Chemist: 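Got a structure for you, questions after.
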Amino acid sequence: MTIKDELLQRLNQRTACVGVVGLGYVGLPLAVEFAEASFSVIGVDLSAEKVALLNRGESYILDIPTERLKPLVESGRLRATTRYEDLRQADTVSICVPTPLRKTKDPDMSYVIESVDAVAAISHEGMLVVLESTTYPGTTEEIIVPRLLNNGLRVGENVFVAFSPERVDPSNPRYGIRNTPKVVGGVTPACTEVAVALYSTAVDRVVPVSTPTAAEMVKLLENTFRAVNIGLVNEMALMCDKLGINVWEVIHAAATKPFGFMPFYPGPGLGGHCIPVDPHYLSWKLKALNYNARFIELASEINTSMPLYVVNKVMNALNDDRKALRGSKVVVLGVAYKRDVNDVRESPALDVISLLQERGADVVYHDPYIDQVRLEGDAVMASAPYSTDLLESADCVVIITDHSKYNWQEVLDHSRLVVDTRHATPPRTGQARVVLL
Ligand code: SAJ
């Protein structure tokens, strides 16, 4: 029996030991799914606090309730550790660590390199290593493979390597690991075969592609598609503003087209740790090949200009009330990067707040999920308690994140001026004057 066949047998019989590196919003749900598929799972994370919580069966990820995690830990199926050494016994390792951007908008591959080096130090014959972190095309072949080719390992013969993009959408009520198709690209056909066998135990539909580079590109197409279309619809908003047309009416009517159209909506900018980041991994790679990814750069230019556009809207709206922005009280509702999440990473709200402060406005915010934010220069701002008094005290209320928890009619009834960047408020029925993006 070949090494590959032995691994396939262990996977099919669920006797393999499965490793997951990085126990965040991607790695923990994946580890849980593998444990529920009856594997023995070892999760590795650098955070001793996360490891301790997990080994007590306590979840820190909203999408994984503690009551789902606890039985897996108590049965011994799933355990966490800070030591890569414990992965010596693993037959497979899925790496789910962050791939952020540096301030220079260059990829920060440090987490990937550290984890791959640590896995390489304990890798052995018959191991499958899969990278899940979103990255530029070529990463698996150029960074992962060379680091694993030590102590006589040969890719496709006695060690197997693949890329499989994560498609976890935090707080998505409909799609989770099991029912979101999983793309897999192996370095060799044998690598693809064993990676498909692994993920087929946790995902209903696995989609093999020819190479890890193709799989890396699939993910970048998915998220560049969103960033570019959000940039397009933000530019539509700018054009409609100049033409005196209600862009929201236009989008809602266009969305009645049952084919060939997909609605996106204008907003105060592009937040989150995926959409503003992932396309720059692609444009960075192409720059090294003397190619300028024009759509990515243009979309980024438009999306990053939206916070200032919002601030100018506020300034002009106050001006119509014969008020200067300087000295006016501005209440920002919602700072999370999108509705109903507790994540503020890359949120345009932070840019809006800083720009308002730079122009002398007295800014406070409220967000039901975010107790405090760190602004530029490390200034910390705490969420103000929400009340109708807070609304009535504002010269202008700015809706940045349209959390479902807000009662928009109440906001209209108790505000004198509202700049609504998300079209969250119902058609004007309150006392407030409403300015839409
Ligand atoms: N945004 C707009 N207008 C839109 C859509 C989004 O301004 O029409 C803004 C959001 O407010 C947010 C940013 O763009 O600030 C990103 O929003 P997003 O809906 O793309 O949400 P993310 O960042 O959570 O993206 C994730 C991605 N999932 C993965 O990468 C696995 C993305 O591929 C998903 O399509 C997206 O969730 C989703 O559909 O919820």
Side-chain angles (χ1 to χ4, degrees), residues 24-27 29-30 61-63 96 98-101 132-135 163-177 179-183 203 207 215-238 247-248 250-252 254-255 261-282 299-300 302-307 309-310 332-352 367 369-370 399-404 420-424 436-437:
Y25 79 91
V26 174
L30 182 65
I61 295 284
L62 290 175
D63 292 347
C96 311
T99 45
L101 283 180
E132 292 216 357
S133 309
T134 303
T135 183
F163 183 82
S164 179
E166 59 89 2
R167 279 178 168 172
V168 174
D169 181 26
S171 75
N172 188 313
R174 185 172 169 201
Y175 291 107
I177 297 276
N179 66 349
T180 302
K182 197 90 166 65
V183 170
V203 183
V207 181
E216 289 157 349
M217 195 64 166
V218 165
K219 174 68 179 183
L220 294 174
L221 171 58
E222 289 167 9
N223 284 2
T224 300
F225 164 79
R226 288 187 73 74
V228 169
N229 277 285
I230 293 165
L232 168 64
V233 81
N234 279 331
E235 183 161 55
M236 289 300 281
L238 303 182
V247 69
W248 302 94
V250 168
I251 295 166
H252 286 301
F261 181 78
M262 177 179 182
F264 286 85
Y265 301 95
L270 205 50
H273 47 282
C274 300
I275 308 306
V277 172
D278 299 348
H280 290 286
Y281 269 74
L282 180 55
S300 178
I302 292 170
N303 290 326
T304 51
S305 76
M306 294 310 286
Y309 177 73
V310 168
V332 170
L333 293 185
V335 294
Y337 81 82
K338 74 174 182 181
R339 178 190 311 148
D340 300 343
V341 299
N342 62 354
D343 189 343
V344 73
R345 280 178 288 185
E346 304 291 321
S347 173
L350 305 181
D351 300 309
V352 169
D367 188 301
Y369 301 101
I370 312 278
I399 300 170
I400 295 292
T401 309
D402 49 339
H403 291 307
S404 309
D420 180 358
T421 73
R422 297 289 189 174
H423 201 228
L436 289 176
L437 197 61

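Both counts, for ligands and for their atoms, begin at 1 and track the order of listing. Computation of the quantities below employed the complete heavy-atom set of this structure, encompassing side-chain atoms and omitting hydrogens, waters and symmetry-equivalent molecules. Owing to the predicted nature of the structure, the values given are computational and were not obtained by experimental measurement.
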Chemist: Ring centres of His403 and Tyr369 under 6.0 Å apart?
Modeler: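 Under 6.0 Å, so yes.
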Chemist: Which protein heavy atom lies closest to atom 1 (N) of ligand 1, and at what distance to 0.1 Å?
Modeler: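 For atom 1 (N) of ligand 1, the nearest protein heavy atom comes out as Ile230 CD1, 3.7 Å.
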Chemist: What protein heavy atom sits nearest atom 2 (C) of ligand 1, and how far off is it?
Modeler: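 The closest heavy atom on the protein side is Tyr265 O, 3.6 Å.
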Chemist: Out of curiosity, is Arg226 lining ligand 1, as in a heavy atom under 4.0 Å away?
Modeler: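 The answer is yes, since Arg226 has a heavy atom less than 4.0 Å from ligand 1.
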Chemist: I'd like to check whether Asp278 has a polar contact with ligand 1, where a contact means an N/O of the residue lying under 3.5 Å from an N/O of the ligand.
Modeler: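 The answer is no, given that Asp278 and ligand 1 share no N or O pair closer than 3.5 Å.
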Chemist: Would you say Arg422 contacts ligand 1, with heavy atoms under 4.0 Å as the rule?
Modeler: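 Flag set, Arg422 near ligand 1.
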Chemist: Between Gly24 and Ile61, what is the shortest heavy-atom contact and its length?
Modeler: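 Between these two residues, the closest heavy atoms are C-CD1, 3.6 Å.
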Chemist: Quick one: do Glu132 and Lys182 make a salt bridge, cutoff under 4.0 Å?
Modeler: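 Salt bridge flag = yes for Lys182 with Glu132.
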Chemist: Looking only at protein heavy atoms, which one is nearest to atom 33 (O) of ligand 1, and how far off is it?
Modeler: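 Atom 33 (O) of ligand 1 sits closest to the protein heavy atom Asn223 OD1, 2.7 Å.
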Chemist: Can you find a non-hydrogen atom of Glu166 under 4.0 Å from ligand 1?
Modeler: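 Yes, that is the case, since the closest heavy atom of the residue is under 4.0 Å from the ligand.
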Chemist: Mark the output for His273 as yes if a heavy-atom distance to ligand 1 is under 4.0 Å, and as no if none is.
Modeler: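 In this structure, His273 fails to qualify as a contact of ligand 1 - no heavy atom is under 4.0 Å.
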Chemist: Can you pull out the closest protein heavy atom to atom 28 (N) of ligand 1? Residue, atom name and distance to 0.1 Å, please.
Modeler: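 So the nearest neighbour among protein heavy atoms is Val168 O, 4.0 Å.
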